[in-house]
Each structure stands twice: as C-alpha cells, then as structure tokens.
Amino acid sequence: MVYIVGLLSLVFLALAIMVFGRLTNVMKSVGSADGEETYGGTSNRINGAMFMVFLIAGTIAATWSFIHSTQYFLPEASSIHGRRVDGLFWGSMSIVTASALLTNILLFYFAYRYQYKDGKRASYYPENHKLELLWTVVPAIVMAIMVFTGWKAWRDIMSEAPEGAQEVELVGKQFNWIARYPGVDNNKLGAFNYKLIDNNNEVGIDFSDESAFDDFTAPELHIPVGKPVLIRIRARDVLHSVFIPHMRVKMDAVPGMPTRFWFHPDKTTEQMRNETGDQNFKYEIACTEICGRGHFSMKMNLVVEDQDSWKKWCAEQKPLLSSFPEYASRIPANLKAKAAKYLPTEGAGTDSTATASAGGVAGSGSASLR
C-alpha cells in the first residue's frame, strides 16, 4: 500500500510540474510587446475544430453505450403499476436527455462558432428579460409536471390495498424467504409473535388467534393472476429487502417494523414463458439489501398462475397446525372446537401425526417443483 501511495504521489507531482510549465508558456505567449493580448493562430482554430469533433464523437459514443446496455435493463413489467412506473421513468429520461443534448450542442457549437478572430470584437449583450424569463419559467413548469406525476403515481402505488386483495406474508431471514398464506377458508392471516418462533414454526404463528388455524407456509410464493396481491413483509434478524424485478416491487424488510406492498400481476408464469420463448423462465424474488455472507443466495421463486390452478395448489397444502398438532396446546380452551377440524382425529396417535407432518413436507416439496 505504501508503494502505491508513493507512486501516485510521484505521478501527481509530475502532472503538477507539466501543468505549471504549460501555464508559464501560455502566459508568455498571450502578451504582446505593447501589452495587448492576442489569441489567434492555428492552435486556436484547432481547438475550435476539436470542440465539434468531441461533440460528434461523444454523441455517437453515448448513443452506442445506450443501445449496448439495453440488454441489462430491467425486464418488461408484468404488473399494472410496473408499466406505469416504466412510463414515468422513460418520460423523465426523455426530457432530461433532450435537455442535456440541446444544451451541450449549443455549448460546443458556440465555442466553435464564436472563437477569436482578428479584427472581430464581441458584442456587448447585458440583458434580455424575455430570454431569462423563458429559460426560468419553462424548466420550472416541466419540473413541476414531473414532480406532480411522480407524486401521484407514488400515492396510488403506496395506497391501501383494494378490498378483497389476496394477502400473503413474506418473512426474511438469513438467508432465505418464507412465505405464509391464509388458508382457503378465509383470506386473513393469523397473528404472529416472534417469541413463538422455533424450528417448525419459523414465522412465529400465534395459535391463540383463530385466523391462524389454517395458515400454512411454503418454500416459494404462489399468487393468482388478475387479482390485487398484498404482501406483508417482515424480517426475523437483520435488514433485508424484497425485490421482484418483473413486478417492479421493492420494499425493505425491517426487524420489528412490518412493511407492505400491493400490486396487480397480469401475466402468468406460463404467459411469460411463451412470450420469452424460454420454457425455464421463472419469476424471482431477490434480496437487495446486503444481509451477510450468504446474501447472494437469498432468493425465492414466484409462481403466477390462473385462479383455478392457484386454488388447487392452496388446497393441496397442509396447515401448520395439521402438520404439527402439538401446537394445539397453545390454543385457548374456547377455540379448541373451531380448531378441531385442522387436527388429526382422536385415536389416530403418532401415525396420524407423522402422516400429517409428511403431508406438509410433501406439499412443500411439490410446491418447489412447480
């Protein structure tokens, strides 16, 4: 490290000496015998021409860079709000790019067009109120429109989910996501308590809440197409971030502070496979907050399917209470009758419990293969 710093210091010193030498030569060349300054000559014309060369070459290079990088852009959005966000993004980019292009063309052209020439004097142009008003008011109006449309889109996207939206919970932990679903009987997730987390109850489902009786977990996220989906987001340990590129969903998962995001998917996984020509295509949920050594592997598959297929998949899953009936001890006495249908029948004994547990594992396994 010491050698690198020393080498950089030598390079900096050499450059400083070169710049000082060039400045000395310039100062000597600008003064004439009678004290007047002269700037004309071949070097001045070359510099003027180089401005135009740089403008043309820079425009070509920037255009090529943009075209070349399109392969790395986000994929086409598969949600309604996602396409709205994309429209705002490209609209803003068009305005900014056009403004930058216009101002730089004028900047370089004026440097070339109005270079010093013997016998020519610059015009004194002290003020132009109309011009100043124009370049102040027009950008202000454009900026106000951009801010207002962006705020309106953000307000709509971050509003409360529509009534009847399908609820799902995503819980992040080092280094994977856990999806929790409300059962088929209702669309309401049960309560949770971090103190109840164990090896089987990874999200801390609280069975003192009757809405939790039919909740189940899965190693991947299944959602129905054509219906608003509300994702409730939590973190078990450190800061994570839910990112679904195709859906334009990104929201932090913060320990102790549940967050949420709702969206409206309108393309199934099968549709995307047909559109892309890739039969192995999968929607993916990634973590975009560095959360530790295994951050790179923290992802989950997302399956978007039609209503019938989604309901069928949900019906095949086993509620956590059915897979692990020992949690029945946490159910209040006044709710045990309601929980009975999710528990193995009396007298089934250990075999029934084992079968239920195996069914839950098999259900999760079949989900991961879809």
Side-chain angles (χ1 to χ4, degrees), residues 74-89 149-172 177-192 203 211-212 214-218 220-235 240-254 257-273 275 281-286 288 300-317 367 370:
L74 283 176
E76 182 183 351
S78 298
S79 63
I80 294 175
H81 88 272
R83 282 188 287 277
R84 183 179 180 184
V85 170
D86 288 357
L88 287 173
F89 172 78
T149 53
W151 167 80
K152 189 174 184 301
W154 176 255
R155 182 199 65 184
D156 295 342
I157 291 169
M158 298 307 297
S159 63
E160 292 294 329
E163 187 176 350
Q166 178 59 51
E167 290 192 24
V168 184
E169 183 181 63
L170 271 181
V171 180
W177 298 103
I178 306 166
R180 176 166 71 113
Y181 305 78
V184 294
D185 292 347
N186 60 55
N187 186 29
K188 185 178 179 181
L189 288 163
F192 64 87
V203 296
S211 295
D214 57 355
D215 286 3
F216 63 91
T217 60
E220 66 180 13
L221 187 63
H222 283 243
I223 57 175
V225 72
K227 180 179 180 180
V229 175
L230 171 62
I231 298 184
R232 299 190 180 277
I233 302 168
R234 290 193 287 133
H240 301 282
S241 185
V242 176
F243 180 44
I244 313 176
H246 287 83
M247 302 297 168
R248 303 299 189 265
V249 171
K250 188 177 186 299
M251 179 59 69
D252 284 352
V254 185
M257 189 180 78
T259 54
R260 61 178 176 79
F261 200 108
W262 76 271
F263 61 102
H264 196 293
D266 58 3
K267 289 186 180 181
T268 65
T269 302
E270 194 61 35
Q271 280 180 275
M272 287 299 294
R273 286 174 178 172
E275 288 183 13
F281 171 86
K282 293 180 180 179
Y283 289 118
E284 183 179 289
I285 302 172
T288 50
M300 171 187 273
N301 290 333
L302 166 65
V303 179
V304 183
E305 52 197 343
D306 61 73
Q307 288 279 349
D308 292 338
S309 299
W310 181 78
K311 288 180 179 179
K312 179 182 178 183
W313 177 83
C314 287
E316 292 171 352
Q317 309 309 306
R370 289 182 71 87

All heavy atoms of Ala235 vs all of Ala253, minimum pair found to be CB-O, 3.5 Å
Practice item. Check whether any side-chain heavy atom of Phe261 lies under 4.5 Å from a side-chain heavy atom of Met158, and answer yes or no. Key: yes
How about Ile244 and Ile231: do any of their side-chain heavy atoms sit closer than 4.5 Å? yes
Original post:
Do Pro182 and Gln166 come within less than 4.5 Å of each other through their side chains, counting heavy atoms only?
Top reply: yes
Q. Just by distance, do the side chain of His81 and the backbone of Arg248 share a donor-acceptor pair under 3.5 Å?
A. yes
Notebook entry, point to check: Between Thr268 and Asp306, is there a donor-acceptor pair closer than 3.5 Å when you use the side chain of the first and the backbone of the second?
Noted result: no
Here the gap from Arg180 atom CZ to Thr217 atom OG1, rounded to the nearest 0.5 Å, amounts to 9.5 Å
**Study point:** Within-4.5 Å side-chain heavy-atom neighbours: Val225 and Trp310
**Key:** no
Requested in this report: Could you walk me through whether Met251 and Phe243 pass side chain to side chain contact (heavy atoms under 4.5 Å, CB included), step by step?
Outcome: CA-CA 7 Å; Met251 179 59 69; Phe243 180 44; over 6 Å; no
| said: Has Ser79 got a side-chain atom pairing as donor or acceptor with Met247's backbone, closer than 3.5 angstrom? | reply: yes
Report, as yes or no, whether the 6.0 Å neighbourhood of atom NZ on Lys250 holds more than 12 heavy atoms from other residues, nucleotides or ligands.
yes
Could you go step by step and tell me if His246 and Lys267 meet the side chain to side chain contact (heavy atoms under 4.5 Å, CB included) rule?
-> CA-CA 10 Å; His246 287 83; Lys267 289 186 180 181; over 6 Å; no
Quiz item: Is there a side-chain contact between Leu302 and Ile223 (heavy atoms, below 4.5 Å)?
Solution: yes
In terms of heavy-atom contacts, Ala77 and Asp86 come closest through CB-OD2, 3.7 Å
Closest non-hydrogen atoms of Phe192 and Pro258, given as atom of the first, atom of the second and distance, are CZ-CG, 4.3 Å
One should read off an interatomic distance between Glu169 CD and Leu230 CG, to the nearest 0.5 angstrom, of 10.5 Å
Output for pair (Leu221 CG, Leu170 CG), nearest 0.5 Å, gives 5.5 Å
Residues Trp177 and Ser241: closest non-hydrogen pair is CZ2-O, 3.6 Å
When rounded to the nearest 0.5 Å, the distance separating CE of Met300 from CD of Glu284 is 11.0 Å
Closest non-hydrogen contact found for Gly150 with Leu88 is CA-CD1, 4.3 Å
For this session: Would you mind reporting whether Val304 and Tyr283 have side-chain heavy atoms less than 4.5 Å apart?
Result: yes
Does His222 offer a backbone N or O that forms a donor-acceptor pair with the side chain of Tyr181 under 3.5 Å?
yes
Check whether any side-chain heavy atom of Met272 lies under 4.5 Å from a side-chain heavy atom of Lys282, and answer yes or no. no
d(Arg232 CZ, Glu167 CD) to nearest 0.5 Å is 4.0 Å
Discussion item. Does this structure show an ion pair linking Asp156 with Lys152, if we count only N-O contacts that are shorter than 4.0 Å?
Written reply: yes
request  = Kindly determine whether Arg234 and Val203 satisfy side chain to side chain contact (heavy atoms under 4.5 Å, CB included), including the steps that lead there.
outcome  = CA-CA 9 Å; Arg234 290 193 287 133; Val203 296; 3.6 Å; yes
